[in-house]
Amino acid sequence: VLPWTPRKLTWTESDLENVAVKRRGLLAALDRAKDRWEAEADAARRESWPGIRLGVGYIQRAAAPGDPVQGDDFLTVRAGLTIPLYKGRKQKQKEIEARERLAEKTVEREWEFERIRQEIRERTIRIQQHHRQHTLFGQSIVPQSELAMSSALSAYSVGRADLSVVLEAHSALLKSELMNHHHRVAHAKLVAELELTVGADLTREFEVGADGTMRGEGK
């Protein structure tokens, strides 16, 4: 049986947060909703502004008998101003409603991101604790139990210990190995939960860019 080593995270919490922003569908959907309501609010605000209309005309005339301007061309410039009265109130109300929806989506997005941030922090801390526990199991608890079992068997073989000592040592060894197994299962579960939170497969080696993109993932 190959020795088991818990996976060590090589990415910072900030890296994992950037990846989550890119990979978590709910965050992306909330960002799109924010952009939509902000665009609608801006459009409603512009529609309530007074409108200016400008026009330019050019007429080319041929000379004719009795023409006081002797066929000179004409250039005309027109300007007009439209002021929305009742429509402006309607657009203002639409802008207010859009801004309210934008504020709701902003708060919802901030809440969701903070929830993800807390999950990442909690699980990375627990995974780091598992690394320390693995060292304790691998270098202390299990080896000591194996040594105690070996000593008990040696003593029993030369008649310096009875069977109960061997059974007790064997029970202690099985208990430490069972604890180590449960520790491995818990570690794998934590890593899986972290991958679910981030939205990426952490078994792959990749580099996280400043914008949250991951390079070297493989397809």
Side-chain angles (χ1 to χ4, degrees), residues 1-28 30 109-219:
V1 180
L2 294 177
W4 177 82
T5 302
R7 191 184 312 166
K8 185 175 183 181
L9 293 180
T10 58
W11 310 283
T12 65
E13 291 180 21
S14 178
D15 288 336
L16 295 173
E17 290 169 8
N18 289 334
V19 174
V21 169
K22 296 294 182 180
R23 293 304 188 91
R24 288 298 298 267
L26 181 55
L27 288 178
L30 289 172
R109 201 271 186 193
E110 291 175 352
W111 183 90
E112 180 65 18
F113 179 72
E114 185 60 28
R115 185 186 66 80
I116 291 175
R117 185 205 301 267
Q118 292 299 326
E119 287 185 2
I120 289 174
R121 178 169 179 78
E122 175 188 348
R123 283 162 184 162
T124 52
I125 290 175
R126 292 179 65 186
I127 289 173
Q128 291 167 359
Q129 291 173 343
H130 269 260
H131 281 281
R132 292 190 290 269
Q133 292 171 0
H134 173 71
T135 300
L136 180 62
F137 275 110
Q139 298 182 5
S140 179
I141 296 177
V142 174
Q144 288 179 6
S145 297
E146 292 173 342
L147 181 59
M149 180 64 188
S150 178
S151 299
L153 286 174
S154 297
Y156 178 75
S157 64
V158 297
R160 291 188 296 180
D162 55 26
L163 184 59
S164 63
V165 175
V166 177
L167 293 177
E168 183 178 352
H170 186 250
S171 176
L173 176 59
L174 290 178
K175 183 177 180 180
S176 64
E177 291 177 342
L178 182 61
M179 290 173 60
N180 194 24
H181 173 73
H182 286 315
H183 169 264
R184 296 180 184 185
V185 173
H187 177 85
K189 181 180 178 181
L190 280 174
V191 173
E193 290 175 349
L194 181 60
E195 289 178 336
L196 183 62
T197 299
V198 174
D201 183 359
L202 300 181
T203 62
R204 298 178 180 178
E205 292 295 331
F206 56 77
E207 180 183 355
V208 182
D211 59 351
T213 58
M214 298 189 294
R215 297 182 289 276
E217 269 191 289
K219 298 289 186 181

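Below, all heavy atoms of this structure are taken into account, side chains as well, without hydrogens, waters or symmetry copies.
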Peer 1: So, does S145 use its side chain to make a donor-acceptor pair with the main chain of I141 at under 3.5 Å?
Peer 2: yes
Peer 1: Assess whether side chain to side chain contact (heavy atoms under 4.5 Å, CB included) is satisfied between L190 and L194, documenting all intermediate values.
Peer 2: CA-CA 6 Å; L190 280 174; L194 181 60; over 6 Å; no
Peer 1: Would you find more than 12 non-hydrogen atoms of other residues, nucleotides or ligands less than 6.0 Å from R121 atom CZ?
Peer 2: no
Peer 1: Got a second to check how far E195's CD is from L16's CG, nearest 0.5 Å?
Peer 2: 10.5 Å
Peer 1: Determine whether more than 12 heavy atoms belonging to other residues, nucleotides or ligands lie under 6.0 Å from atom OH of Y156.
Peer 2: no
Peer 1: Could you give me the CA-CA distance, side-chain angles and deciding distance for H181 and E177, then say whether side chain to side chain contact (heavy atoms under 4.5 Å, CB included) is met?
Peer 2: CA-CA 6 Å; H181 173 73; E177 291 177 342; over 6 Å; no
Peer 1: How long is the straight-line distance from CD of Q144 back to OG of S176, given to the nearest 0.5 Å?
Peer 2: 9.5 Å
Peer 1: Drop me the distance from K175's NZ to N180's CG, to the nearest 0.5 angstrom.
Peer 2: 14.0 Å
Peer 1: What's the verdict on salt bridge (charged side-chain N to carboxylate O under 4.0 Å, His left out) for R109 and E112, showing C-alpha distance, side-chain angles and the deciding distance?
Peer 2: CA-CA 5 Å; R109 201 271 186 193; E112 180 65 18; over 6 Å; no
Peer 1: What is the minimum heavy-atom distance between V198 and R23, and which atoms define it?
Peer 2: O-CB, 3.5 Å
Peer 1: CE/M179 to CG/L136 distance, rounded to the nearest 0.5 angstrom?
Peer 2: 8.5 Å
Peer 1: Could you pull out the closest heavy-atom pair between V21 and L27, with the gap in Å?
Peer 2: CA-CD1, 3.9 Å
Peer 1: Would you indicate whether the side-chain heavy atoms of L147 and P143 approach each other to under 4.5 Å?
Peer 2: no
Peer 1: Please report the shortest heavy-atom distance between R24 and L196, naming the atom on each side.
Peer 2: NH1-O, 3.8 Å
Peer 1: Could you grab the distance from atom CZ of R115 to atom CD1 of I120, nearest 0.5 Å is fine?
Peer 2: 10.0 Å
Peer 1: For residues V166 and A152, report the shortest heavy-atom separation together with the two atoms involved.
Peer 2: CG2-O, 3.6 Å
Peer 1: Restricting to non-hydrogen atoms, name the atom on E146 and the atom on L173 that form the minimum distance, rounded to 0.1 Å.
Peer 2: CG-CD1, 3.6 Å
Peer 1: Under a 3.5 Å distance rule, please check whether S171 uses its side chain to pair with a backbone N or O of L167 as donor and acceptor.
Peer 2: no
Peer 1: So, for T124 and E13, which heavy atoms are closest and what is the spacing to 0.1 Å?
Peer 2: OG1-OE2, 3.5 Å
Peer 1: Has Q129 got more than 12 heavy atoms of other residues, nucleotides or ligands less than 6.0 Å from its CD?
Peer 2: yes
